[in-house]
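Input: one structure, supplied below.
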Amino acid sequence: LNKQRFLQHVDIQRNGCWHWTAARRGSPYGQAKHEGRVWYAHRLAYALFKGDIAPGLKVLHGCDNPICVNPEHLELGTQSDNIQQCAARGHLVDNTGEKHGMARLTAYRVLQIRESSRGNREEAVIHDVSEATIRAIRKRKLWKHL
Ligand SMILES: [Zn+2]
């Protein structure tokens, strides 16, 4: 899998999470094949978009959503970080920043918009930007470097 192929299995949620739509096989985490191995989809997302995962480290979800593979929601930590985070967070997940339109577009989202077969209006709603912005991204008037 490369970034483009990976994004074909991603469904962007209004709260900014990327839901993995391919295999889960009964696990709370998504799974993906990459270079002959089965990976957890969120670990693969981290490896593809952010870089190597040092041995022994876990890829943790800042958004507390196990099926999410948005690299921006992922961070490295140890198993004890993981336990502490889960305990501290409980049910008080706060991703209001992304929910209420303060989210800015990122390189990942721009690639996703260009890959998507959805219409401009639908993408605009999903990303909380104007249709003109989506059109400009698709015509490469915006984010030309990608
Ligand atoms: Zn997320």
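When a ligand or atom number is given, it counts from 1 through the structure's own listing order.
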Inset, instruction - Give a yes or no on whether Lys50 atom NZ has more than 12 heavy-atom contacts from other residues, nucleotides or ligands under 6.0 Å away. - result: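 It does: Lys50 NZ has more than 12 such atoms within range.
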Inset, instruction - Using the side chain to side chain contact (heavy atoms under 4.5 Å, CB included) rule, take Leu7 and Leu111 through it: C-alpha gap first, then chi angles, then the decisive distance, then the call. - result: CA-CA 8 Å; Leu7 288 170; Leu111 287 174; 3.8 Å; yes
Inset, instruction - Kindly compute the distance separating CG (Leu44) from CD (Gln31), expressed to the nearest 0.5 Å. - result: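 Rounded to the nearest 0.5 Å, the CG-CD separation comes to 11.5 Å.
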Legend entry - Protein N/O/S neighbour count - the Zn ion (ligand 1), strictly under 2.8 Å: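 Counting protein N, O and S atoms closer than 2.8 Å to the Zn ion (ligand 1) gives 4.
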Inset, instruction - Please state whether the rings of His61 and Tyr29 are parallel, tilted or perpendicular, taking 30° and 60° as the class boundaries. - result: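 Parallel.
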Inset, instruction - May I ask you to check whether Asn65 and His19 show a side-chain donor-acceptor distance below 3.5 Å? - result: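 Yes.
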Inset, instruction - Could I get the full list of ring pair (Phe, Tyr, Trp, His ring centres under 6.0 Å) partners for His34, not counting sequence neighbours? - result: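 Scan of His34 (ring pair (Phe, Tyr, Trp, His ring centres under 6.0 Å), adjacent residues dropped) gives Trp39.
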